Enquirer: 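Pasting a structure here, questions to come.
In what follows, residues are counted from 1 in the order of the sequence shown. Here the structure is a predicted model, which is why all the values come from computation and not from measurement.
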Amino acid sequence: MNSSHSSAAPRSPHTFRTVFPVLALCWLAVFFDGMDVNIYGAVMPHMLDDSGLGLTPATAGTIGSWTTFGMLIGALTAGNLTDWLGRRLMLVASVTLFSLGSAICAVAPGVGLFGAGRFVAGLGLGGLMPLCLAMVMEFAPPRRAALTTGLLMTSYHFGGMAATGLGLTLAPAAGWRWVFWAGVLPALVAVPLLLKLLPESPGVLLAHGERAKADAVADRYGLPRPTEVAAPAAGAAGRLAAIRALFRPESRWATPLLWLASFSGLLLVYGVSTWLPQMMRASGYGLNSSISFLMVINAGGIVGLLIAGRAADRFGAVRVSAIWFVLTAAGALLLKSQLPLGVTYAVVVVTGVFLFSAQVMVYAATNTVYRDSERAAGLGWVTGIGRTGAVVGPWLIGVLATNGNQSWGFTTFALAGLVGAVAIALVPLARRIGRSDAPAAPAPVAATAGLS
């Protein structure tokens, strides 16, 4: 055993530099994810003005929900397909799928086919995020999981800013369809790079019985060599066992609270991404100003993630997430007021600082609740159940808009922020209750006997 380890190639140090290729490739994939998610909100005012398409506020909200419904299915099924294909190929499939959905939207003659295209895009988008988060957390340097997660998620907001830029420049000049043609770029840019450069997860390789490959990848990137405990079990039985593990005594109460916090956070993220330009336009702001608010809130999101990642590494992801949710609620209530344009821009950017990273810190908090072997399943279900909030958000604001009550959307966002704050704040208490419910460890009689 010792000889095999001594003959192995020298291990790389486990630093940001050694794992940079993995972080960079996942960053690129999530950049295109953010671009695709935000494209719809960025061009919605132009689409509503296109009488030939036949889009109304009610159908706009429904289509937004179809997108996130596709994400829900994608997030919940990606884990099962990962058992067969591995994380690397599933990431490639996810990027290909949402690029295909964007192409369908670009050629859609009416709202029916357009909605189908957004659903197809949602299938790919839903699978991509938990896979990238699991990969980045697995490869992250020690004690830097929250910061690494925050860095990854900045790409989502750079993608959102790119989508807004396309909505401000390409849509008025060439029409909204060309913005969706730009959404085909991920298949042309990211897929070849992922296939050529992204390694497979050592834990997944070990679960597939490829011990030598798992150890080689771990050594190359400076990771600890995976153990059977750290490897996710394969097959349907393994999937079921992974879900049951989320409700073991230590985490049975924390799991539904993480789900509720994720529901609230994703209701905010997708409700705002889909409807903020149109809500601001209905409040009396000009078309260009209304669309540019989406860019500004994403810029705030980038700053917020950099702050939140460092703060969470120091003070804990749960505490930071709870405070950020409360500040998001305050920002949403301020946006309900009629403020001067300059003040409104300031409120939007500050709200962005807290809104998006509140949700990302919910993901980071799963690292404190679940063991290594449960992390991928835990993240998959936290994002998957959260997607129901992403479905409800665009639909609910669409209903309010149809009835002329768009200003109530800001109140809805504030309530979601408060619910998220309470849910995530209760996670430490839930873990303590769970540990007290867990069966006591047996006395170390056998170990003592063995030593004697």
Enquirer: Looking only at non-hydrogen atoms, find the nearest pair between P45 and G41 and report the distance.
Expert: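 Scanning both residues, the minimum pair turns out to be CD-O, 3.6 Å.
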Enquirer: How are the rings of Y40 and F114 set to each other: parallel, tilted or perpendicular (split at 30° and 60°)?
Expert: tilted
Enquirer: Can you name the closest pair of heavy atoms from V296 and V349 and give their distance?
Expert: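 So the minimum-distance heavy-atom pair works out to CG1-CB, 3.6 Å.
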Enquirer: Within the 4.5 Å heavy-atom criterion, are Y156 and V37 side-chain neighbours or not?
Expert: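 Heavy-atom side-chain distance check passes, below 4.5 Å.
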Enquirer: Side chain of T59, backbone of L55: donor and acceptor closer than 3.5 Å?
Expert: no
Enquirer: Looking at A425, is its backbone amide N or carbonyl O close enough to the side chain of R319 to form a donor-acceptor pair, meaning the two atoms are under 3.5 Å apart?
Expert: no
Enquirer: Over all heavy atoms of both residues, which pair between I291 and T164 is shortest? Give the atoms and the distance, please.
Expert: O-CG2, 3.2 Å
Enquirer: In terms of heavy-atom contacts, does CH2 of W66 have more than 12 from other residues, nucleotides or ligands at under 6.0 Å?
Expert: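 Counting neighbours around CH2 of W66, 12 or fewer heavy atoms of other residues, nucleotides or ligands fall under 6.0 Å, so no.
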Enquirer: Could you check if a side-chain atom of F32 sits within less than 4.5 angstrom of a side-chain atom of S94, using non-hydrogen atoms only?
Expert: no
Enquirer: Give a yes or no on whether a salt bridge exists between R118 and D36, defined as a side-chain N under 4.0 angstrom from a carboxylate O.
Expert: yes
Enquirer: Indicate yes or no for a side-chain donor-acceptor contact from S321 to the backbone of A317 under 3.5 Å, with no hydrogens or angles considered.
Expert: no
Enquirer: Please report the shortest heavy-atom distance between I424 and V318, naming the atom on each side.
Expert: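 The answer is O-CG1, 3.2 Å.
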Enquirer: Looking only at atom types and distance, does a side-chain atom of S292 sit under 3.5 Å from a main-chain N or O of S289, one as donor and one as acceptor?
Expert: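 Yes, because the side chain of S292 sits within donor-acceptor range (under 3.5 Å) of the backbone of S289.
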Enquirer: Can a donor-acceptor pair be found, under 3.5 Å and without considering hydrogens, that links the side chain of T67 to the backbone of I63?
Expert: yes
Enquirer: Taking all heavy atoms of F139 and all of P202, pick out the closest pair and write down the distance.
Expert: CZ-CD, 3.8 Å
Enquirer: Would you name the heavy atoms of V326 and A421 that are closest together and state the gap between them?
Expert: CG2-CB, 3.6 Å
Enquirer: For the backbone of L151 and the side chain of S155, can you confirm whether one donor and one acceptor N or O come within less than 3.5 Å of each other?
Expert: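 No; zero donor-acceptor contacts below 3.5 Å.
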Enquirer: Taking C-beta and beyond as the side chain, do L166 and W181 meet within less than 4.5 Å on heavy atoms?
Expert: no
Enquirer: If we check side-chain contact (heavy atoms from CB on, under 4.5 Å) with L123, which of these qualifies: L100, L128, T77, L97?
Expert: L97
Enquirer: Could you tell me how the ring of W324 sits relative to the ring of F354: parallel (under 30°), tilted (30 to 60°) or perpendicular (over 60°)?
Expert: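 Geometry flag for F354 against W324: perpendicular rings.
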Enquirer: Say whether, by atom type as modelled, one donor and one acceptor occur between the side chain of S262 and the main chain of L258 under 3.5 angstrom.
Expert: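 Between the backbone of L258 and the side chain of S262 there is no qualifying donor-acceptor contact (under 3.5 Å).
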Enquirer: Is the closest side-chain donor-acceptor distance between S65 and Y270 under 3.5 Å?
Expert: no
Enquirer: Ignoring hydrogens and geometry beyond distance, is a side-chain donor-acceptor pair present between T154 and W27 at under 3.5 Å?
Expert: yes
Enquirer: Using atom types as modelled and distance alone, determine if a side-chain donor or acceptor of R88 lies under 3.5 Å from a backbone N or O of E200.
Expert: no
Enquirer: Got L91 and R87 here, is their nearest side-chain heavy-atom distance under 4.5 Å?
Expert: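 Contact flag for L91/R87 side chains = no.
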Enquirer: Taking the side chain from T366 and the backbone from Y363, do they hold a donor-acceptor pair closer than 3.5 Å?
Expert: yes
Enquirer: With a 4.5 Å cut-off on side-chain heavy atoms, are F356 and I297 touching?
Expert: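 Side-chain contact under 4.5 Å: yes.
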Enquirer: I'd like to know if the side chain of S357 and the backbone of V353 have a donor-acceptor N/O pair within less than 3.5 Å.
Expert: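 Confirmed, S357 side chain pairs with V353 backbone.
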Enquirer: For atom CZ of F69, is the number of surrounding heavy atoms from other residues, nucleotides or ligands below 6.0 Å larger than 12?
Expert: no
